[in-house]
Amino acid sequence: MSDSTEQDIMEVIRGLMDEEHALRSTPGGLDPAERGRMKEVEQSLDQCWDLLRQRRARHEFGQDPDEAEVRPVAEVENYRQ
């Protein structure tokens, strides 16, 4: 598995998580624009975690992890955790 690619994905995840935590700690709740951004952040996190899982699974089964692709939000949003 390409460590740099996995590290890049984890860096994006950490940044999104930091933004999510900052939004959640907004005093007085979120305004409509912030709620919209929160939804985008959550969707992006789902996509990043999915991509990371795909890469790891491909590596585990002897396939090229670089062939993993970001899946559409509609697809990753419907997964059960």
- Can we say R58 and E6 salt-bridge, meaning some charged N sits less than 4.0 Å from an Asp/Glu carboxylate O? no

- Message: Less than 4.5 Å apart, side chain to side chain, heavy atoms only: is that true for M38 and E34?
- Response: no

- Task: Enter the distance from S25:OG to E20:CD here, rounded to the nearest 0.5 Å.
- Result: 11.0 Å

- Message: Would you compute the distance between atom CD of E42 and atom CG of D46 and round it to the nearest 0.5 angstrom?
- Response: 7.5 Å

- Task: Please list, chain by chain and in numerical order, all residues satisfying salt bridge (charged side-chain N to carboxylate O under 4.0 Å, His left out) with R35, sequence neighbours excluded.
- Result: none

- Using 4.0 Å as the upper bound for N to carboxylate O, is an ion pair formed by E60 and R56? no

- Task: Count the heavy atoms belonging to other residues, nucleotides or ligands that lie under 6.0 Å from CE of M10, then report whether that count exceeds 12.
- Result: yes

- Counting heavy atoms not belonging to Q63, are there more than 12 under 6.0 Å from its CD? yes

- Query: Hey, what do you get for CG (D50) to CZ (R53), rounding to the nearest 0.5 Å?
  - Reply: 5.5 Å

- Indicate yes or no for a side-chain donor-acceptor contact from H59 to the backbone of R55 under 3.5 Å, with no hydrogens or angles considered. no

- Message: Using 0.5 Å steps for rounding, measure from the CZ atom of R71 to the CD atom of E77.
- Response: 13.0 Å

- Item | Heavy-atom closest pair, residues C48 and V12 | SG-CG1, 3.7 Å

- Is the closest side-chain heavy-atom distance between Q54 and E67 below 4.5 Å? no

- Message: Going by the rule side-chain contact (heavy atoms from CB on, under 4.5 Å), which residues pair with R37 if we only count those two or more places apart in sequence or in a different chain?
- Response: L16, E19, L23, E40, V41

